Amino acid sequence: MDFDAVRGDRSSGWLAQSRSEVLARNGMVATSQPLGAQAGLHILEQGGNAIDAAVATAAVMNVVEPGSAGIGGDVLAIVWLAKEHKLIALNGIGRAPSGATFQHLAERGFKRQMPQHGVDSATVPGAVDAWDALLKRAGTMTFKQLLQPAVDLAQQGFAVSERIHNDWIYGAKVLAADPDSVKTYLIDGKPPPTYSLFRNPDLARAFRVLQTQGRDGFYHGAIAAAIVAKSKSLGGTLTLEDLAKTRSSWDPPISTNYHGYDIFQLAPSTQGFAVLEMLNILEVCAPKLGVDLAALGPRSPMYWHVLVEAKKLAYADLYAFDADPNFVPVPVAKLISKDYAAQLCSRIDLKKASVPESKGDPVGGTVYLATADRWGNMVSFIYSIYDTFGSGVTVPGYGFVLNDRGALFSLDPNSPNRIAPGKRPFHTLLPGFVMKDGQPRMALGLMGGSQQAQGQVQVLLDMIDLGANPQAASDAARFSHGQANNTLSLESSLYNLVGASLSALGHTVVSTNGEDMGGFQAISFLPYSAADALTDLPPSAPQPIAGVYQAASDHRKDGEAVGW
């Protein structure tokens with residue numbers, strides 16, 4: 001029986017807001033599944049910091065959203081270290097195996113396009129090394145403590161939600177090709193039913209290895225041997241040496257200023273520069289075109305037209321230039337400059353939609369999480385195996401799937417993103433961070449393949465230009481534009497409001513639900529004045545942050561923001 005009521009209203013504020021912001025001063029976690037958020041909060045309550053909480057949350061998310069993220073995937077993070085008053089960025093993207101050559105792929109039957117799934121789509125997993133690097137740089141706890149919530153959940157099981165079951169349906173087709181995946185993740189060949197209990201004792205076993213042996217338990221020894229054996233059995237090229245030499249890198253973040261706020265992203269091969277380029281185009285070009293986006297607001301078709309046209313320009317550069325900068329030069333400084341944005345203004349026609357080159361549009365299955373603690377540390381953390389259930393290849397005995405990030409390489413020998421051994425692929429992941437006047441203001445991210453950069457820009461405008469709180473920005477209707485098919489998807493209420501007008505401008509417009517709009521999570525920080533921060537607590541008592549954290553979690557996912 002379908003439920004078909006109308007939605008009720010809030011008692012104050014924006015009536016369409018799905019839930020209140022969560023406010024706290026001792027610590028905060030926001031992610032797309034409640035059990036993950038609660039695991040991180042438990043670590044904060046035990047005295048751990050935001051870095052510790054991020055790792056604990058990530059481990060649980062491998063258990064409860066196995067189709068989206070896991071230790072067979074990658075991690076990117078931007079971290080504000082309060083004691084050092086410093087913003088740092090970690091690149092935990094895995095590299096192509098040493099045998100990932102044009103010749104090997106051609107022999108396997110892939111001559112024009114990378115395989116989307118299977119062992120040849122897998123790159124070396126970078127996640128566990130990234131966890132270890134974060135903890136060694138700024139954590140206070142060990143894998144033994146931080147992975148225990150994930151061990152317990154994997155062993156005892158969790159109840160499968162409606163949303164996660166729905167994702168599993170698509171994933172079942174990918175998993176069906178691998179007997180170890182069928183054994184681990186399917187029940188009688190089907191996804192576990194909604195509300196059923198799902199256990200993964202093999203994954204619990206993998207986490208126990210990490211608890212006793214640390215990151216080397218993954219990149220050396222039994223787990224590494226199992227990964228390589230599985231790869232070889234399927235004709236893949238992953239080697240023990242590929243795993244042993246895996247190391248994350250600390251890469252300086254890139255940034256631009258938008259209306260007084262400094263927006264930070266990871267450098268290529270992530271798509272982070274597309275966020276910055278799009279913001280620059282909007283800031284520089286809107287006034288030149290006689291457009292005031294804040295005055296127009298999100299009920300105006302012209303507001304959306306300008307955003308979509310800016311997106312097309314930024315993504316054209318994204319798909320033309322993005323690649324591993326250790327292999328090819330990427331002109332990032334130029335692409336994120338205001339001068340370059342000004343050169344693009346003439347390409348926006350307020351009366352007509354443009355037609356971009358048909359390129360790009362990677363899919364996505366991702367987990368984003370944000371954490372913050374009472375000392376002022378904040379973590380923006382994103383984590384993925386790429387498409388739903390990644391390569392679909394499960395490592396036997398250890399219960400995790402390998403990623404399929406290699407699907408984002410190109411087999412065009414003229415592409416800067418062409419595949420090569422040891423190379424990082426074009427990467428959709430991008431944790432965001434906002435600063436103002438040298439102080440941290442927000443850790444934010446938005447999941448969903450090519451939606452990530454364009455979605456981040458939309459929520460940033462909601463907050464910076466339109467005055468929305470983080471939860472309202474999350475709840476507001478969004479668009480998703482496909483560069484390859486030039487189709488503009490609008491959530492149904494937005495389609496009903498502006499769809500016809502945008503169609504009249506030449507956009508190919510369709511109505512859709514929230515599944516492809518990305519799941520947004522964020523924690524913002526509002527500092528108090530010195531007077532407001534005074535407390536009567538005795539000196540020995542834990543002191544809360546001199547301000548308040550505001551957190552949001554997207555209603556399009558299962559998640560929650562929690563604090564104490």
Side-chain angles (χ1 to χ4, degrees), residues 6-7 14-18 163 166 271 274-275 278-279 281-282 286 289 291 293-316 318 348-356 358-364 366 428 446-466 468 470-520 552 554-557:
V6 296
R7 183 169 183 156
W14 180 42
L15 297 184
Q17 188 169 322
S18 65
R163 174 60 201 260
N166 186 63
Q271 59 179 334
V275 174
M278 189 173 166
L279 288 170
I281 293 168
L282 294 172
L289 297 168
V291 171
L293 292 173
L296 285 175
R299 302 185 70 84
S300 164
M302 187 54 60
Y303 176 92
W304 297 104
H305 175 69
V306 173
L307 262 64
V308 173
E309 294 304 294
K311 180 269 176 187
K312 293 175 185 177
L313 294 171
Y315 274 56
L318 175 66
I348 296 178
D349 186 340
L350 296 184
K351 297 181 180 180
K352 185 180 179 181
S354 63
V355 179
S358 180
K359 275 189 176 182
D361 294 343
V363 298
T366 301
T428 58
L446 192 140
M447 302 161 265
S450 63
Q451 177 65 1
Q452 292 191 38
Q454 58 186 305
Q456 270 200 37
V457 170
Q458 291 174 71
V459 293
L460 284 167
L461 263 65
D462 286 335
M463 292 180 284
I464 294 173
D465 290 348
L466 305 178
Q471 188 61 55
S474 177
D475 292 342
R478 296 196 280 268
F479 75 81
S480 180
H481 176 263
Q483 200 87 345
N485 60 16
N486 197 25
T487 297
L488 177 60
S489 299
L490 305 177
E491 290 189 281
S492 59
S493 295
L494 184 59
Y495 176 86
N496 295 337
L497 181 67
V498 301
S501 297
L502 290 173
S503 180
L505 288 170
H507 295 278
T508 301
V509 189
V510 298
S511 177
T512 188
N513 62 24
E515 184 173 0
D516 297 324
M517 294 298 154
F520 175 67
D554 204 318
H555 69 286
R556 299 168 184 83
K557 292 277 192 173

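Since the model is a prediction, treat every value here as computed from it, not as a measurement.
- When all heavy atoms of Phe479 and Gln451 are compared, the closest pair comes out as O-NE2, 3.1 Å.
- The side-chain contact (heavy atoms from CB on, under 4.5 Å) with Phe520 is formed by just one residue from the set Arg478, Lys557, Gln458, Gln471; it is Arg478.
- Put simply, the side chain of Met447 does not reach to within 4.5 Å of the side chain of Asp554, judged on heavy atoms.
- The nearest pair of heavy atoms linking His481 to Pro356 is CE1-CG, 4.1 Å.
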Side chain to side chain donor-acceptor pair (under 3.5 Å) assessment of Gln271 paired with Thr428: CA-CA 6 Å; Gln271 59 179 334; Thr428 58; 4.7 Å; no
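- At least one side-chain heavy atom of Pro298 sits less than 4.5 Å from a side-chain heavy atom of Leu466.
- Atom CG of Leu494 is separated from atom CE of Met517 by 8.5 Å, given to the nearest 0.5 angstrom.
- With rounding to the nearest 0.5 angstrom, the OG atom of Ser474 is 6.0 Å from the CZ atom of Arg556.
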Less than 3.5 Å apart, which donor and acceptor atoms pair up between the side chains of residues 495-504 and the rest of the protein, not counting sequence neighbours?
residue, atom, partner, partner atom, Å
Asn496, ND2, Ser492, O, 3.3

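- In plain terms, the two heavy atoms of Gly482 and Lys311 that are nearest each other are C-NZ, 4.3 Å.
- Residues Lys312 and Ala353 share a closest heavy-atom pair of NZ-CB, 3.9 Å.
- Between Asp465 atom CG and Leu293 atom CG the span is 6.5 Å, to the nearest 0.5 Å.
- Leu350 has its side chain within reach of Val291: a pair of non-hydrogen atoms, C-beta onward, lies under 4.5 Å apart.
- Scored by the side chain to side chain contact (heavy atoms under 4.5 Å, CB included) test, Lys359 finds Tyr319, Glu357 as partners (sequence neighbours excluded).
- When all heavy atoms of Ala453 and Tyr315 are compared, the pair lying nearest together is CB-OH, 3.2 Å.
- Side-chain atoms of Met463 and Pro470, non-hydrogen and from C-beta on, do get closer than 4.5 Å to each other.
- Side-chain contact between Leu282 and Leu307 is present, with at least one heavy-atom pair separated by less than 4.5 Å.
- Taking CG of Asp516 as the start and OG of Ser450 as the end, the distance is 9.0 Å to the nearest 0.5 Å.
- For the pair Trp304 and Leu490, the minimum side-chain heavy-atom distance is 4.5 Å or more.
- Using a 4.5 Å heavy-atom threshold, the side chains of His507 and Glu309 count as touching.
- Asp462 places no side-chain N or O within donor-acceptor distance of the main-chain N or O of Ala468, the cut-off being under 3.5 Å.
- Thr508 places none of its side-chain heavy atoms less than 4.5 Å from the side chain of Leu488.
- Between the side chain of His555 and the backbone N or O of Gln17, no donor-acceptor pair lies under 3.5 Å.
- Qualifying side chain to side chain contact (heavy atoms under 4.5 Å, CB included) partners for Ser300, counting only residues two or more places apart in sequence or in other chains: Leu296, Met302, Tyr303.
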Chi angles and distances behind the side-chain contact (heavy atoms from CB on, under 4.5 Å) call for Gln483, Leu318: CA-CA 11 Å; Gln483 200 87 345; Leu318 175 66; over 6 Å; no
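- For the residue pair Leu446 and Gln452, the shortest heavy atom distance occurs at O-CG, 2.9 Å.
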Candidate pair Arg163 and Glu515, rule side-chain contact (heavy atoms from CB on, under 4.5 Å), full reasoning: CA-CA 9 Å; Arg163 174 60 201 260; Glu515 184 173 0; 4.2 Å; yes
Derivation and outcome, side-chain contact (heavy atoms from CB on, under 4.5 Å), residues Lys352 and His305: CA-CA 9 Å; Lys352 185 180 179 181; His305 175 69; 6.0 Å; no
